[in-house]
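Below: the structure, in structure tokens.
A quick note: this is a predicted structure, and the numbers were derived from the prediction, not measured. Letters A, B, ... mirror the listed sequences (proteins, then strands); counts begin at 1.
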Protein chains: 2
Amino acid sequence: MVRTGRGSGRDGRPTLEQVAARAGVGRGTVSRVINGSPRVSDRTRATVEQAIADLGYVPHRAARALAANRADAIALVIPEAEARLFAEPYFSGIIRGVTAELADTDIQLLLTLIRTPKERQRFGQYASSRRVDGVLLVSVHGDDPLPDLLTEIGMPAVMNGRRSGQESFPHVDCDNLGGAQLAVEHLLGRGRGTVATITGPLDMYAAQCRLAGYREALRAAGREADDDLVAHGDFTEESGHAAMRALLRRRPGLDAVFCASDLMAIGARRALREVGRTVPGDVALVGFDDSSMARHMDPPLTSVRQPMEGMGRAMTRALLAEIADGGPERPHLVLPTELVRRSSS
Amino acid sequence: MVRTGRGSGRDGRPTLEQVAARAGVGRGTVSRVINGSPRVSDRTRATVEQAIADLGYVPHRAARALAANRADAIALVIPEAEARLFAEPYFSGIIRGVTAELADTDIQLLLTLIRTPKERQRFGQYASSRRVDGVLLVSVHGDDPLPDLLTEIGMPAVMNGRRSGQESFPHVDCDNLGGAQLAVEHLLGRGRGTVATITGPLDMYAAQCRLAGYREALRAAGREADDDLVAHGDFTEESGHAAMRALLRRRPGLDAVFCASDLMAIGARRALREVGRTVPGDVALVGFDDSSMARHMDPPLTSVRQPMEGMGRAMTRALLAEIADGGPERPHLVLPTELVRRSSS
DNA sequence: CTGGTCTGTGGGAGCGCTCCCAGTTGTGAT
DNA sequence: ATCACAACTGGGAGCGCTCCCACAGACCAG
């Protein structure tokens with residue numbers, strides 16, 4: 001049977017064909033108008049746009065995707081291990097940034113949590129079957145096979161953060177080193193003489209950077225490096241508590257601590273309270289992340305804020321550009337961090 | 001030109017047709033196998049499944065959606081005003097529940113933030129153009145037109161929470177009343193004689209329920225209602241602080257407070273500290289939500305926990321059922337809450 | 001006036017799948 | 001052996017769109 005040319009879709013919604021009929025033009029022309037092709041005269045364009053408005057026409061996503069071989073969707077992939085981070089301004093900010101940037105693009109955001117190897121594999125299939133046009137990766141670990149997989153199948157992707165100093169995968173990160181520097185300079189500027197630090201897990205690049213920033217700030221101020229002032233944690237509250245106790249044992253005279261995460265600052269605060277030290281009287285405290293907890297600590301915690309929403313936006317912009325241009329250039333962005341001063345320092 | 005019958009798709013991925021050829025059957029049969037139709041002999045099914053495995057065939061989502069007139073996707077709609085809630089276990093839990101339930105269904109999750117009336121309208125179009133099969137609504141306000149719109153266009157949907165006691169829209173809620181009761185009974189059980197409460201904004205049904213639970217628990221214990229023990233807040237920290245001060249003014253002798261949100265408990269805690277009352281020594285404190293802050297307060301806050309993940313799962317299950325059956329029954333689920341005891345009480 | 005651009009435009013073909021209608025075969029009753 | 005009926009199966013038609021080829025006119029140089 002030959003194309004019937006009937007005027008509207010299965011659910012009663014108007015189709016391209018119907019718009020074309022109403023405007024008195026061909027399907028191709030309507031398609032061109034919708035896709036913003038320049039090869040349409042202004043007169044025709046106006047007519048078609050009127051018809052679209054009259055009919056309340058909305059393009060059918062699946063039909064479009066099938067014909068054009070694109071999905072008009074991108075995926076935000078989150079390893080479940082980090083889903084706890086949801087309870088942080090982190091994801092909130094990223095997601096807001098991403099959705100804001102997507103708001104007038106007609107591109108859908110797919111949320112994908114990966115919690116098992118099986119799901120990871122499933123996502124690989126997804127990606128290979130082109131059900132998305134691009135992928136946003138969040139909190140990627142050093143041994144995650146996903147980036148390589150995506151590169152291999154030529155799927156546009158951008159990750160948040162870096163796995164190392166010479167990350168070749170397209171990424172958007174924040175200036176961890178600069179933020180740590182800011183924090184320590186601030187402490188020094190408040191007249192603190194002995195500034196210690198509690199680091200994150202040093203197999204993570206972000207933690208390395210924060211430590212490097214601490215060292216750099218001290219060096220710039222002409223202080224000597226003192227390894228006794230460096231205690232190691234793993235970003236958890238408990239590790240912050242333990243590290244603080246170790247620090248107090250080694251250097252009872254310290255009067256300031258820069259913690260590489262707010263959670264560790266909470267642990268450190270508890271350790272200080274246990275030995276009767278006041279904050280900021282005896283010891284000034286600065287955290288990192290500016291999480292919701294920071295604002296509600298007693299006293300409220302000075303902390304280094306990452307531009308979450310900005311990162312979300314930047315990642316999305318970079319990804320869309322890569323999708324559009326086939327992007328030969330792999331974006332490497334590092335956004336500035338900012339010190340939020342509260343009364344703990 | 002007649003169908004070419006060529007064996008693989010544009011990006012080199014195998015198509016249904018290719019699977020059919022390899023299995024030596026027709027397209028229809030492969031389709032039936034994929035969609036789990038019973039009208040296929042076991043022998044044929046096995047052959048086809050082998051071919052699918054051999055070829056690594058993955059159905060093309062858009063083609064399927066176009067042909068079958070469904071989207072294989074549901075939307076999770078979040079009013080931007082509540083995006084701050086992202087920074088709470090709330091969304092984290094809901095999303096985890098939803099994705100967990102979706103994990104082996106091949107249905108995609110679309111995240112939709114609505115921040116402006118324009119975006120709301122845009123989402124209306126989305127919904128009407130059947131680009132999703134169903135909608136999950138989160139934190140719906142009494143005056144939100146979305147539920148009615150969805151009902152009108154016959155789009156399956158489930159909301160989280162209720163707008164009133166006789167909510168007719170399909171919903172999954174948690175037992176706010178029961179949770180409040182639990183909290184107050186717990187306080188009474190610890191020998192507290194004068195239990196006050198700080199309510200949420202009473203135009204919200206959840207806040208009404210929590211107040212009703214407070215009253216019910218007191219009544220059940222044979223206590224007289226005393227309106228001086230009820231102070232009103234709006235779920236924010238500042239309002240909790242103000243309410244606590246008012247309470248102390250009116251009933252200096254109170255020895256316990258049930259706060260309808262953790263944030264208000266934080267404010268209340270601050271007010272207590274300011275007048276030198278200890279927690280839980282002088283005044284026992286219980287919050288609601290079991291947010292991340294609760295655990296990190298000093299002392300850690302006893303709080304009523306909502307089954308976030310459970311609600312996410314329940315909503316999803318209900319929605320999928322509605323999509324599948326055309327669901328004449330509109331689910332009305334209320335999940336139990338739970339008291340998490342910490343040292344503030 | 002002719003031949004060559006250069007815009008604009010129409011519409012055939014086809015994307016990969018599902019739906020459904022005809023077969024085709026196998027089975028049991030007559 | 002014959003017929004009715006069920007259980008399976010093949011493949012045409014079509015979902016609504018984009019791509020692209022062909023072609024109509026407008027315009028200009030020679």
Expressed in angstrom and rounded to an integer, what is the separation of [X] atom [atom1] from [N] atom [atom2]?
X	N	atom1	atom2	value
B/Asp72	C/dC17	CG	C1'	12 Å
B/Glu17	C/dG16	CD	C1'	9 Å
A/Arg13	D/dC15	CZ	P	17 Å
B/Arg27	C/dC20	CZ	C1'	12 Å
A/Arg131	C/dG16	CZ	C1'	13 Å
A/Leu16	D/dC15	CG	P	13 Å
B/Arg39	C/dC19	CZ	P	14 Å
A/Asn35	D/dC20	CG	C1'	14 Å

Which ones in residues 60-71 of chain A lie close to DNA chain C, meaning a heavy atom under 4.0 Å from one of its atoms?
->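 Close to the strand are A/Leu66, A/Ala67.
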Where along residues 47-57 of chain A does a heavy atom fall under 4.0 Å from DNA chain C?
->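 Per residue number, the list is empty: none.
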Between CG on residue A/Leu55 and CD on residue A/Gln18, distance to nearest 0.5 Å |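 It comes to 5.0 Å.
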Starting at CG of B/Asp133, measure out to CE of B/Met155 and round the result to the nearest 0.5 Å.
->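 Output value for this atom pair is 7.5 Å.
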Any B/Thr29 side-chain nitrogen or oxygen under 4.0 Å from OP1 or OP2 of D/dG10 =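 For B/Thr29, the contact criterion (side-chain N or O under 4.0 Å from OP1 or OP2 of D/dG10) is met.
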For A/Ser41 and C/dT9, is the shortest distance between a side-chain N/O and OP1 or OP2 below 4.0 Å?
->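 For C/dT9, OP1 or OP2 has a side-chain N or O of A/Ser41 closer than 4.0 Å.
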Can you name the salt bridge (charged side-chain N to carboxylate O under 4.0 Å, His left out) partners of A/Arg317, sequence neighbours left out?
->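 With neighbours one apart ignored, the set is A/Glu101.
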Residue pairs involving residues 142-157 of chain B (criterion side-chain hydrogen bond (donor to acceptor under 3.5 Å, both in side chains); sequence neighbours excluded) =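 Output for this query lists B/Arg120-B/Asp144.
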Under 3.5 Å, is there an N or O donor on one side and an acceptor on the other linking the side chain of A/Arg32 and the base of C/dG10?
->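 Answer yes: a donor N or O sits under 3.5 Å from an acceptor.
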Check side chain to side chain contact (heavy atoms under 4.5 Å, CB included) between A/Thr44 and all other residues, then give those that pass, not counting sequence neighbours.
->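 A/Thr44: side chain to side chain contact (heavy atoms under 4.5 Å, CB included) contacts with A/Val25, A/Thr29, A/Val40, A/Ser41, A/Val48.
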Are any non-hydrogen side-chain atoms of A/Tyr57 and A/Ile34 less than 4.5 angstrom apart?
->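 Contact flag for A/Tyr57/A/Ile34 side chains = yes.
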Min side-chain heavy-atom separation A/Val140-A/Leu146 under 4.5 Å |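 In short, these two side chains do not touch, never coming nearer than 4.5 Å.
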Of the listed nucleotides D/dG10, C/dG10, D/dT18, the one nearest the side chain of B/Val25 =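 Within the option list, the nearest is D/dG10.
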What residues form a ring-ring contact (aromatic ring centres under 6.0 Å, His included) with A/His60, not counting sequence neighbours?
->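 So A/His60 forms no ring-ring contact (aromatic ring centres under 6.0 Å, His included) with any residue.
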